[in-house]
Amino acid sequence: MQILVTGGAGYIGSHTCFALLEAGHRVIVLDNLCNSKVSTLDKIKLLTNKEIIFYPLDVTNESSVDSIFLNHRIDAVFHFAGLKSVSESVKKPLEYYYNNVVSTLILAKACQKYNINKFIFSSSATVYGRNKVPFLEDSELMSATTPYGETKVISERILTDVAKANSEFSVSLLRYFNPVGAHKSGLIGEAPNNIPNNLMPYITQVAKGKMRKLKIFGDDYPTVDGSGVRDYIHVVDLALGHVAALNNLLPGVNVYNLGTGKGTSVFQLVKAFEEVNNVHVPYEITNRRSGDIAECYADVSKAEKELKWKAKLGIIDICRDAWRFEKKYEV
Ligand code: NAD
Ligand code: UD1
C-alpha cells in the first residue's frame, strides 16, 4: 500500500515508517519539522535502502494537504503529527487545540473527498484520565486532565463520527502508553528539539552529562516504592503494533491499547538503566508534578487477541537501546 504518514520524521512516526517500509509498503511523509529533523528520514532510507517521498508542510494547511491527496494515490493515512507536551498545552491551549484538532479535521475531510477509507490515529492513554487501572478500551472517557489530552479525546470523537456517517470508513484509534527506547541501530530515536518533558529522554541526558540531575516527581504515591508507575513500551514494538492495526483494520472504529500490560516505577526504571548500561544517574526527589497520576498501565488483551500483536521487548532492551541512541546522537 501507499501510506501517507503525517509526523513521519518524529519519534514514533519515524520508527513506524521504518516498520512500514520493511513490511513492503511505500510511504509519503508530511512533516513541518517543528519537533524533528529531516535527517531522520535519510537515516531510515539508509537502514531500509528504500525511498521516502517527503513534503515539508504543515498539516493544518488545507490547500497543501489537498494537493498531496490530488497528486498521489493514497491507500491509508497514519496521523502522528501533533504537539505533545502536556505542560506546554496548559500554557498554550489554543496552539494545541488548533494544531492537533484542525489537522485531524483536515485529514478526515481529505479522506472523505478522495474516498480514502483507512485511517490510523495516534491517541494516548491520557484519554483515560483518572479511570481505574488497568485501563480497558471500553472504559467511559470521563475527561482528560489537560488540553493536550482533550485534543486526543476530541480527535477520537471526530473520527468516530466520520465512521458512523460512512460505513466504509475504517479507523483505528491507537492509545499509546509510554513509548520509550530506540531502533537497535542507534540511528533513530527520541530527539526532541527542546528540553525533554518525559522521563526516559531526561534519564539519558542526565547520564550523558547534558543535565546535572534527574528530578523524581514524588516518592509518596501509593505504589510499590512511592514513585509513579507507568507502562513503558519499546517504540519498535509500538511501530509493529501499527502494522498489525493496518493488517486487521475493520470497517468502523477499532480502539486498541498499545502497551505491555506491566507497570514499572520511576525508581525501578532508573535502577535498571544504571545496571544495564553501567552508568550513574544522579537524582533528587522533588514535589509531585501537577496532573500526574500514581499508576497508568494497560489491559492489552484486546490488541493481543484481535491484532495478534504483543510487545516483545522489555525494560532491559528499552534501557540499552535508549542509551545507545543517546550516545550516538549529536545535535
Ligand atoms: P514527535 O514530536 O516526535 O513527532 C510529531 C511530529 O509531528 C514531529 O515530527 C513534528 O515536527 C510533526 N508535526 C507537529 N505538528 C505538525 C503539523 N501541524 N504539521 C506537520 N507536522 C507536524 O512526537 P511523537 O512522540 O512521535 O508522537 C507522535 C504522536 O503520538 C503525537 O500525535 C503524540 O501526541 C502521540 N503520542 C505520543 C506519546 C509519546 O509519549 N511520545 C504518547 C501518546 C501519544
Ligand atoms: C506524559 C503525559 C501523558 C502523555 C505522555 C506521553 C503528563 C501528566 N502526562 O505521561 O498525557 O500521553 O506523557 O507524551 O505529563 N517523571 C519524573 N521526572 C521527570 C519526568 C517524569 O519523575 O523528569 C515521572 C512522572 O512523574 C511519571 C513518570 O516519570 O511518574 C513518567 O513520566 P512521563 O515520561 O512524563 O510520562 P507520563 O507522565 O506518564
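Counting from 1, the numbers follow the sequence of the chain as shown. Every heavy atom of this structure was used, including side-chain atoms; hydrogens, water molecules and symmetry mates were not. Atoms within a ligand are numbered from 1 in the order they appear, just like the ligands themselves.
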Engineer: Please indicate whether any nitrogen or oxygen in Cys34 is less than 3.5 Å from any nitrogen or oxygen in ligand 1.
Structural biologist: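 Yes; at least one N/O pair falls below 3.5 Å.
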Engineer: In the protein, which heavy atom is nearest to atom 32 (O) of ligand 2, and how far is it?
Structural biologist: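 For atom 32 (O) of ligand 2, the nearest protein heavy atom comes out as Arg289 NH2, 3.5 Å.
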Engineer: Specify the protein heavy atom at minimum distance from atom 33 (C) of ligand 1: its residue, its atom name, and the distance to 0.1 Å.
Structural biologist: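 Of every protein heavy atom, Tyr148 OH, 3.6 Å lies nearest to atom 33 (C) of ligand 1.
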Engineer: Cut-off 3.5 Å, side chains only: do Asn198 and Tyr11 have a donor facing an acceptor?
Structural biologist: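 Judged by distance alone, the side chains do not pair up.
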Engineer: Identify, for atom 19 (N) of ligand 1, the protein heavy atom at the shortest distance, and state residue, atom and that distance.
Structural biologist: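 Protein heavy atom with the smallest distance to atom 19 (N) of ligand 1: Val59 N, 2.9 Å.
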Engineer: So if I apply the side chain to side chain contact (heavy atoms under 4.5 Å, CB included) rule between Val65 and each of Thr6, Val59, Thr60, Leu4, which one comes out positive?
Structural biologist: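 Between Val65 and the candidates, side chain to side chain contact (heavy atoms under 4.5 Å, CB included) is satisfied uniquely by Val59.
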Engineer: Can you tell me which portion of Val229 lies within the under-4.0 Å heavy-atom range of ligand 2? Options are side chain, backbone, both, or neither.
Structural biologist: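 The answer is neither.
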Engineer: Between His72 and Tyr114, do the side chains contain a donor N or O and an acceptor N or O under 3.5 Å apart?
Structural biologist: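 There is no such pair between these side chains.
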Engineer: Does one side chain, of Asp42 or Thr40, offer a donor that lies under 3.5 Å from an acceptor on the other?
Structural biologist: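 No, Thr40 and Asp42 have no side-chain donor paired with an acceptor closer than 3.5 Å.
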Engineer: Quick one: nearest non-hydrogen protein atom to atom 4 (O) of ligand 1, plus distance?
Structural biologist: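 Protein heavy atom with the smallest distance to atom 4 (O) of ligand 1: Gly10 CA, 3.5 Å.
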Engineer: Does NZ or CZ of Arg175 fall inside the cone over Tyr128's six-membered ring, less than 6.0 Å from its centre and within 45° of the axis?
Structural biologist: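 Because its charged atom sits under 6.0 Å from the ring centre and within 45° of the axis, Arg175 does stack over Tyr128.
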Engineer: Pairs of nitrogen or oxygen atoms closer than 3.5 Å, one from Ser123 and one from ligand 1: do any exist?
Structural biologist: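 In fact, backbone or side chain, Ser123 has no N or O that close.
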Engineer: Under 3.5 Å, side chain of Asp299 to main-chain N/O of Ser301, donor-acceptor pair present?
Structural biologist: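 Checked: pair present.
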Engineer: Looking at atom 39 (O) of ligand 2, what's its closest protein heavy atom, distance included?
Structural biologist: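 Scanning the protein heavy atoms, the shortest distance from atom 39 (O) of ligand 2 goes to Arg230 NE, 2.5 Å.
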Engineer: Looking only at protein heavy atoms, identify the closest one to atom 3 (O) of ligand 1 and say how far it is in Å.
Structural biologist: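 Minimum-distance protein heavy atom for atom 3 (O) of ligand 1 reads Tyr11 N, 2.8 Å.
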Engineer: For atom 31 (C) of ligand 1, what is the nearest protein heavy atom, given as residue, atom name and distance?
Structural biologist: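 Result for atom 31 (C) of ligand 1: Phe80 O, 3.1 Å.
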Engineer: Could you identify the single nearest non-hydrogen protein atom to atom 15 (N) of ligand 1 and state the distance to 0.1 Å?
Structural biologist: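 Ranking protein heavy atoms by distance from atom 15 (N) of ligand 1, first comes Asn99 ND2, 3.1 Å.
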Engineer: For ligand 2, find out whether one of its N or O atoms is nearer than 3.5 Å to an N or O atom of Ser124.
Structural biologist: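 N/O-N/O distance under 3.5 Å: yes.
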Engineer: Considering residues, nucleotides and ligands other than Lys262, do more than 12 of their heavy atoms fall under 6.0 Å from its NZ?
Structural biologist: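 Open: at most 12 neighbouring heavy atoms sit under 6.0 Å from NZ of Lys262.
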Engineer: Under 4.0 Å, heavy-atom basis, I'd like to know which part of Tyr232 is in contact with ligand 2: side chain, backbone, both or neither.
Structural biologist: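 The side chain, only.
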Engineer: Nearest heavy atom to atom 10 (C) of ligand 1: which of Thr60, Ile106, Asp31 does it belong to?
Structural biologist: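 Closest candidate by heavy-atom distance is Asp31.
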Engineer: Please write down residue, atom name and distance for the protein heavy atom closest to atom 1 (C) of ligand 2.
Structural biologist: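 Residue, atom and distance for the closest contact: Asn198 ND2, 3.7 Å.
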Engineer: Please report which non-hydrogen protein atom sits nearest to atom 17 (C) of ligand 1, along with the residue it belongs to and the distance in Å to one decimal place.
Structural biologist: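 Of the protein heavy atoms, Asn32 ND2, 3.3 Å lies nearest.
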Engineer: Does the N or O separation between Asn178 and ligand 2 drop below 3.5 Å for any pair?
Structural biologist: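 It does: an N or O of Asn178 is found under 3.5 Å from an N or O of ligand 2.
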Engineer: I need the atoms of ligand 2 closer than 4.0 Å to a non-hydrogen atom of Val86, numbered in the order shown.
Structural biologist: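 Going through ligand 2 atom by atom, the ones under 4.0 Å from Val86 are 2 (C), 3 (C), 7 (C), 9 (N), 11 (O), 15 (O).
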Engineer: So which of Leu199, Val266, Thr286, Asp292 gets nearest to atom 25 (C) of ligand 2, if we judge by its closest heavy atom?
Structural biologist: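 Looking at heavy atoms only, the winner is Asp292.
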Engineer: Between His234 and Asp321, is the side-chain hydrogen bond (donor to acceptor under 3.5 Å, both in side chains) condition met? List the steps.
Structural biologist: CA-CA 9 Å; His234 197 297; Asp321 295 342; 2.8 Å; yes
Engineer: Measuring from non-hydrogen atoms of Leu33 to any atom of ligand 1, is the shortest distance under 4.0 Å?
Structural biologist: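 Leu33 counts as a contact of ligand 1 under the 4.0 Å cut-off.
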Engineer: Check this for me - ligand 1, Ser124, N or O atoms closer than 3.5 angstrom, yes or no?
Structural biologist: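 So ligand 1 has no N or O lying under 3.5 Å from an N or O of Ser124.
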